[in-house]
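In what follows, a structure is listed as structure tokens, so that the remarks can point back to it.
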Number of protein chains: 2
Amino acid sequence: MDPVEIFKALSNKTRLQILQWLKEPELNFPEQAEFGYGNGVCVGQIQKKAGLSQSTVSEYLSLLQKVGLVKAQRVGQWTYYVRDKEAFAALSELIETKI
Amino acid sequence: MDPVEIFKALSNKTRLQILQWLKEPELNFPEQAEFGYGNGVCVGQIQKKAGLSQSTVSEYLSLLQKVGLVKAQRVGQWTYYVRDKEAFAALSELIETKI
DNA sequence: TAGGTATATCGGGAAAAGTCGATATATATT
DNA sequence: AATATATATCGACTTTTCCCGATATACCTA
């Protein structure tokens, strides 16, 4: 858990938006319904909603995963992403107690 | 309160360090003692401890103030900075509830 | 008002981040 | 094996950040 890297990851409007969307997947990614939400939301859905290029969104997601804010899971040809709730709780705690 | 700007301000080792120092001024800025801690810690003390140039530290502090993480107060020729506790509480809250 | 001290602002060069299109890789289907 | 689809990686270009020295401004004191 490197705070500087985490804050860098959060210093971007689109990435922040993605995280907010992932807070309520059913609401924000209705097209994901036919594949279920059990594993998370796949890159394509997120890319479509973000409106940036496929490569950019893929990089953003892997960055968010690298710093631990989301978890990724490959299922078939899809990679599903979910918000990591514990990471946010830990970050919140850190902000009040350490910074 | 613009989250992206706040996170940008926090995305720097030195700025993060300064905020941590300001959490315990008596401990981290003993030389400030002779002027008291009532108003906060002045730029010179912070600059000396950070080891970066005067201009850089001055800019960092005014950036931290712009996004609301610290409060500044001019007293004579000195500008004193203090951590804004409420801002951190609000940020912590935002991280758990909105992001 | 002249000089000293503390802080702020400006201009710039180097490094990092943002973003893209092109291409590579992994998996699924025929 | 060939093709199609989803995702990842690469190379390039533009914008932003980092950090400095030089200079300006504000305030204090003689």
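Letters A, B, ... are given to chains in the order of the sequence lines, protein chains preceding strands, and every chain is numbered from 1.
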Separation of D:dA8 P from A:Leu64 CG (nearest whole Å): 12 Å

Under 4.0 angstrom between B:Ser53 side-chain N/O and D:dC19 OP1 or OP2: no

Sugar-phosphate only, base, or nothing, as touched by A:Thr14 at under 4.0 Å among non-hydrogen atoms: nothing

Nucleotide D:dT16, atom P - distance to CD of B:Glu5 in whole Å: 11 Å

Check: C:dA6 base within 3.5 Å donor-acceptor of B:Gln54 side chain: no

Crowding at CD, A:Gln73 (>12 non-hydrogen neighbours, <6.0 Å): yes

base_contact_polar (C:dT7 base, B:Gln77 side chain, donor-acceptor, <3.5 Å): no

B:Arg15 side-chain N/O to D:dC18 phosphate OP1/OP2 under 4.0 Å: yes

Separation of atom CD in B:Glu59 from atom P in C:dA6, rounded to whole Å: 19 Å

Along DNA chain C (nearest heavy atom to each residue), the more 5'-positioned of A:Leu63 and A:Trp78: A:Leu63

C:dT7 OP1/OP2 closer than 4.0 Å to side-chain N/O of B:Tyr60: no

Sugar-phosphate only, base, or nothing, as touched by A:Leu52 at under 4.0 Å among non-hydrogen atoms: sugar-phosphate

Nucleotide D:dC18, atom C1' - distance to NZ of B:Lys8 in whole Å: 14 Å

Sugar-phosphate, base or nothing in reach of A:Thr79, heavy atoms under 4.0 Å: sugar-phosphate

Carboxylate-amine/guanidinium contact B:Lys98 B:Glu93, below 4.0 Å: no

Heavy-atom donor-acceptor pair, A:Ser55 side-chain to C:dG21 base, under 3.5 Å: yes

Rounded interatomic separation in angstrom, taking OH from A:Tyr80 and C1' from C:dT27: 13 Å

Separation of atom CG in A:Leu16 from atom P in C:dA17, rounded to whole Å: 17 Å

N or O in side chain of B:Asn12 less than 4.0 angstrom from D:dC19 OP1/OP2: yes

Mutual orientation of the aromatic rings belonging to A:Phe7 and B:Phe7 [parallel < 30°, tilted 30-60°, perpendicular > 60°]: parallel

Parallel, tilted or perpendicular: rings of B:Phe29 and B:Trp21 (30°, 60°): perpendicular

Atom pair distance, as rounded to whole Å: CD in B:Gln17 and C1' in D:dC18: 17 Å

B:Ser55 and B:Ser58 side chains, donor-acceptor separation under 3.5 Å: no

Whichever of A:Gly76 and A:Gly51 has its nearest DNA chain C nucleotide further upstream toward 5': A:Gly51

Whole angstrom value for the distance that separates P of D:dA6 from CD of A:Gln32: 12 Å

Pair A:Lys66 + A:Glu5, salt bridge at N-O below 4.0 Å: no

Any A:Tyr81 side-chain N or O less than 4.0 Å from OP1/OP2 of D:dA8: yes

